[in-house]
Number of protein chains: 4
Amino acid sequence: MSPKVSQAYKEGKRAAILEGALHCFTEKGFQATTVDDIVRHLGISKGAIYSYFSSKEEMYIEMAEDKMGAMVDSLSEQFKSMPSAKERILYLFGRFRGQSLGELRQWLSFHLEFMLYAARQPRLTERWTQYAGKAIAFVQRIIETGMQTGELRADLDAAQASRLFWSVRDGLALQYLLAGADTEYGQAIDESEKMVFRYILGGDGS
Amino acid sequence: MSPKVSQAYKEGKRAAILEGALHCFTEKGFQATTVDDIVRHLGISKGAIYSYFSSKEEMYIEMAEDKMGAMVDSLSEQFKSMPSAKERILYLFGRFRGQSLGELRQWLSFHLEFMLYAARQPRLTERWTQYAGKAIAFVQRIIETGMQTGELRADLDAAQASRLFWSVRDGLALQYLLAGADTEYGQAIDESEKMVFRYILGGDGS
Amino acid sequence: MSPKVSQAYKEGKRAAILEGALHCFTEKGFQATTVDDIVRHLGISKGAIYSYFSSKEEMYIEMAEDKMGAMVDSLSEQFKSMPSAKERILYLFGRFRGQSLGELRQWLSFHLEFMLYAARQPRLTERWTQYAGKAIAFVQRIIETGMQTGELRADLDAAQASRLFWSVRDGLALQYLLAGADTEYGQAIDESEKMVFRYILGGDGS
Amino acid sequence: MSPKVSQAYKEGKRAAILEGALHCFTEKGFQATTVDDIVRHLGISKGAIYSYFSSKEEMYIEMAEDKMGAMVDSLSEQFKSMPSAKERILYLFGRFRGQSLGELRQWLSFHLEFMLYAARQPRLTERWTQYAGKAIAFVQRIIETGMQTGELRADLDAAQASRLFWSVRDGLALQYLLAGADTEYGQAIDESEKMVFRYILGGDGS
DNA sequence: CATGAATGAGTTTTCATTCAT
DNA sequence: GATGAATGAAAACTCATTCAT
C-alpha cells in the first residue's frame with residue numbers, strides 16, 4: 001500500500017524533468033523540441049515523462065507558471081524590508097543589470113515563445129494576463145507609495161507609469177535578444193534608468 | 001522563344017503568394033501554418049508554391065525581409081519633407097497611435113515569432129540585426145539633427161536614445177499583445193510619448 | 001484548376017482502400033488491425049489512407065454503413081417482383097442457405113465487432129439501431145401483407161414475429177461462428193425455416 | 001516452512017482479481033481495458049496482478065472459462081430435481097426473463113467479445129466449442145427425455161432442436177444488445193417461448 | 001512479498017515535399 | 001507549366017510488462 005518511493009523523490013524527479021525540458025525548450029523552442037529530445041537529454045524513458053505530465057503542453061504551461069510565480073514572489077519577498085519607493089525601483093534596475101545577456105536571452109526567448117503560444121489559446125491568455133497584472137500591480141504599488149511620500153511627482157498615473165516601466169524593461173531586453181554585448185546592454189539599462197527616473201521624479205530627474 | 005509568361009506576371013504571382021502566406025502566418029504562426037493552409041487560402045496548387053519558393057521556410061524568410069525593408073523604406077520616404085526632429089518624432093508616435101491593436105497584434109506576433117526563429121539561426125540573426133540597425137540608425141539620425149539644431153538637449157547619447165525610443169515602443173506593444181483595449185493602448189502611447197520627450201528635451205519636457 | 005485525376009479514379013481508390021481495410025478488419029478485427037497492416041496489405045502509403053479517410057475509425061464506420069445499407073437495399077430490390085409473403089420469406093431463407101459458412105463468418109465477425117464497438121459509443125448506437133430497425137420493418141411489412149392475404153395466421157404480432165425471425169437467423173449464425181461444417185449449417189437453416197413457418201402459419205406449419 | 005499465506009487466501013485473492021477484472025472488461029471491453037483500470041478498480045498493485053496471472057490475456061481466458069463452466073454447472077444443478085422436459089424448458093425461459101437487460105448486455109458483450117477473440121485463436125476456439133457443446137448437449141438431453149416421455153413430438157431431431165433453442169435465445173439477446181426496453185424484451189421472450197413450444201410440441205403448440 | 005516507477009516498442013496521425021500526368 | 005495524389009519520416013502519446021526497492 002505504501003509507495004515504494006517517497007513523495008520527495010517524486011517531487012525531485014518531477015522537478016528534474018521540468019528542468020531538463022526547460023533546457024531543451026530554451027535551446028530549440030517549445031514547438032521544435034520533441035519529446036524524444038527531452039527524453040534523450042534526461043536519459044529517461046518516454047513513459048516516465050508521461051507519468052509525471054499528461055502532455056508536452058502541460059509541462060510547458062507548468063514551467064511558465066512556475067517561472068512567472070517565482071518572479072513575482074521573489075520580488076515581493078525582497079521588498080518587505082525596503083521602504084523607499086526610489087530605493088525599490090533602483091533595486092529593480094540593479095536586478096536587471098545583474099542578469100547576464102546569456103541568461104536574459106534564455107529567459108526572454110522562453111517568455112516570448114510562451115506569450116505567442118498563449119496568444120493563440122484563450123484559456124492561457126487569461127492565465128497569462130493575470131500574471132502580467134501582478135507584475136504591473138507590484139510596481140504600481142511602489143509608485144503609489146512614492147507619490148504619497150512625495151518621493152515621486154504627484155501628477156503621475158501610477159498604473160500607466162508602471163506599465164511604462166515594464167515596457168522599457170521588456171523593450172530593452174527585446175533589443176538585445178539577437179545581438180549585442182553585455183557592456184552595451186549594461187549601459188542601455190543605465191540610460192533607461194535615467195529616462196524612467198526623469199519621468200517619475202518631479203523636475204528634470206537630476 | 002519568348003517566355004510563356006511575362007516577368008511581371010511572375011513577380012505578381014510571387015507577391016500574391018507571399019501575401020497569402022503572410023495572412024496565414026499571422027493568423028496561426030509559422031510552425032502551425034501548413035502549406036495546405038496557404039494553398040487553400042490562395043486557391044492555387046501546392047506545385048505552384050514550390051515553383052516560386054523552394055520551401056516553406058524560404059517564404060517565411062523572404063516575407064520577413066520584405067516587411068522589414070518596407071518599414072524602413074516607408075519611414076525614410078515620409079521624412080524627406082519633414083525638417084524638425086521634434087516633429088519627426090511626434091510623427092512616429094502618431095504613426096504608432098494610428099495602428100489599431102488588432103493590426104499591432106498581427107504585426108507583433110509575426111515579428112516576434114520571426115525573431116525567435118532567427119535567434120536560433122546564425123545566418124538569419126545577422127540579417128535581422130542589420131535591419132534592426134537600420135531602424136536604430138534612422139531615429140538616431142533624427143536625434144542627432146535635433147541635438148545640432150538645439151531642439152533636443154545636447155548631452156544625449158543619440159544611439160542610446162534611439163535604442164530607448166524603440167525599446168519603449170516595442171515594450172509597449174508587448175504589453176498589449178495579449179490583452180487590453182484600443183483606448184487604453186492609445187493613452188499608454190500618449191504617456192510614453194511624454195516620457196520620451198521628457199527624456200530627450202532639456203528641462204522637464206514640458 | 002482541373003484535377004489531374006478523375007472523380008472516378010478517386011472513387012475507385014477510395015473503394016479499394018475500403019476493401020483492403022475490410023480485408024484486414026475481417027482477418028484480425030478492427031482494434032487489432034493497425035493502419036500499418038492496411039498499408040502493407042494495399043501496398044500504398046500511410047498518407048494516402050489519411051487523404052481519403054480522416055481516421056481509422058471513420059473507415060470502419062463508413063464500411064459498416066455501406067454494408068448495412070447495401071443489405072437492406074439489395075433485399076428491397078429483390079422483392080419488388082415477389083408478391084407472396086410465404087414466397088418472400090422462403091426466399092430469405094434461401095439467401096441464408098446460399099451463403100457459405102466462410103462468408104458468413106467473415107460477415108458476422110465484422111458485424112459483431114462493430115455492434116460491440118457501437119454499443120460503447122452512443123453516437124453510433126443510434127445510427128446502428130436505425131439500420132437494424134430497417135431490417136425489422138422490412139420483414140414486418142412482409143408479415144403484415146401475409147396476414148392480410150390470409151397466408152399467415154391472423155393473430156401474429158407482426159413486429160414481434162419479425163424480431164423473432166431475425167433472432168433465429170442471427171442466433172443460428174452465432175452458433176456456427178466458431179465451428180461447424182457447411183452441411184450441418186445448411187440443415188440447421190432448414191430446421192429453423194420449419195420452426196419459423198410453424199410459428200407464422202396457422203395450424204402446425206405443414 | 002509453511003507458506004506465508006494460506007492456499008485459501010491466495011485463491012480468494014485470485015478470485016477477487018478476476019471479479020474486478022471482469023467488471024472492467026464488461027464495462028469497457030477487453031482490448032480497451034488497461035491493466036491500470038483493473039488495478040485502480042481493485043485498489044491493488046500491478047505487481048499483485050502479475051503474481052497471480054502471467055498476462056492480461058490469461059486473466060481474460062480464465063475468466064471466460066470460469067463463466068462458461070459456472071453457467072453449465074449451475075443449470076445441471078438446478079435440474080436434478082426437475083423431471084418434466086416441458087417444465088425444464090419453461091424454467092430456462094423463466095431464467096432468461098429473470099435477467100434484466102442491463103445484466104444481459106453486460107454478459108452478452110463479454111460473451112461476444114470473447115467469441116470474436118477466440119475465433120482468431122485456434123487454441124481457444126476448441127476450448128470454446130467444448131463449452132458450447134455442453135450447453136447444446138444439456139438441452140438436447142432434456143429434449144430427448146421429453147421425446148421419450150411423449151411430452152414432445154417424436155419426430156424432432158433433438159440435437160438440431162437444442163441448437164435452435166439456443167439460437168433463438170442468443171439471437172434475441174443480440175436484438176436487444178444496443179437498444180430496447182426491459183418490457184419489450186420480456187414480451188419478446190414470451191413470444192420466443194411460444195415459437196419454441198409450437199416447434200417442439202406436437203400439434204400447434206397450444 | 002508487494003509495490004508502482006520505469007521502460008520502450010508500438011499506435012495513430014500529420015505534413016513538407018516530390019513528381020507523374 | 002500546373003496540378004494535387006502520393007510519399008514516408010517524424011511526432012505525440014499509450015500501456016503491457018518488468019524489477020529495484
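Chain naming here is simple, since letters A, B, ... match the order of the sequence lines and numbering starts at 1 in each. Computed from a predicted model, the values in this text were never measured in an experiment.
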Does C:Tyr9 put a side-chain nitrogen or oxygen below 4.0 Å from OP1 or OP2 of F:dA6?
yes

Separation of [X] atom [atom1] from [N] atom [atom2], in whole Å?
X       : N      : atom1 : atom2 : answer
B:Tyr60 : E:dC15 : OH    : C1'   : 18 Å
C:Glu57 : E:dT13 : CD    : P     : 9 Å
B:Asp37 : F:dG4  : CG    : C1'   : 16 Å
B:Ile49 : E:dA16 : CD1   : P     : 10 Å
A:Gln31 : F:dA12 : CD    : C1'   : 14 Å
A:Glu58 : F:dT14 : CD    : C1'   : 16 Å
B:Tyr50 : E:dC15 : OH    : P     : 12 Å

Checking all strands, does B:Ser54 fall into the base, sugar-phosphate, or nothing category for heavy-atom contacts under 4.0 angstrom?
nothing

Students often get this wrong, so: under 4.0 angstrom with heavy atoms, is C:Tyr52 touching a base, only sugar-phosphate, or nothing?
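Since only primed, P, OP1 and OP2 atoms lie under 4.0 Å of C:Tyr52, the category is sugar-phosphate.
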
Compare the minimum distances between each of E:dT17, F:dT7, E:dT7 and the side chain of B:Lys56, then state the nucleotide with the smallest one.
E:dT17

Among the candidates F:dA16, F:dG8, F:dA11, find the nucleotide nearest to the side-chain atoms of D:Thr34.
F:dA16

Of B:Ser45 and A:Phe30, the one whose closest DNA chain F nucleotide lies more 5'
B:Ser45

Between C:Lys13 and A:Asp36, name the one whose nearest nucleotide on DNA chain F is closer to the 5' end.
C:Lys13

Would you mind telling me which residue lines up with the more 5' stretch of DNA chain E, C:Ala48 or A:Ile44, judged by nearest nucleotide?
A:Ile44

Can a side-chain donor-acceptor contact be found between B:Tyr117 and B:Glu57 if the only test is distance below 3.5 angstrom?
yes

So, using salt bridge (Lys or Arg N to Asp or Glu O under 4.0 Å) as the criterion, who are the partners of D:Asp66 when residues are at least two apart?
none

Looking at the rings of A:Tyr60 and A:Phe110, which for Trp means the six-membered one, are their centres under 6.0 Å apart?
yes

Each base of DNA chain E marked ( ) or [ ] if paired in-strand (Watson-Crick or G-U under 3.5 Å), | if paired to another strand and . if unpaired gives .||||||||||||||||||||

Quick one: sort the A:Phe25 and A:Phe30 rings into parallel, tilted or perpendicular, breaks at 30° and 60°.
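Perpendicular, since the angle between the ring planes exceeds 60°.
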
For the side chain of C:Lys46 and the base of E:dT13, is some donor closer than 3.5 Å to an acceptor across the two?
yes

Determine, for B:Tyr52 and B:Lys13, whether the Lys NZ or Arg CZ falls below 6.0 Å from the six-membered ring centre while staying within 45 degrees of the axis.
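Because its charged atom misses either the 6.0 Å distance or the 45° angle limit, B:Lys13 does not stack over B:Tyr52.
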
In terms of side-chain geometry, is the basic nitrogen of C:Glu113 or C:Arg120 positioned less than 4.0 Å from the acidic oxygen of its partner?
no

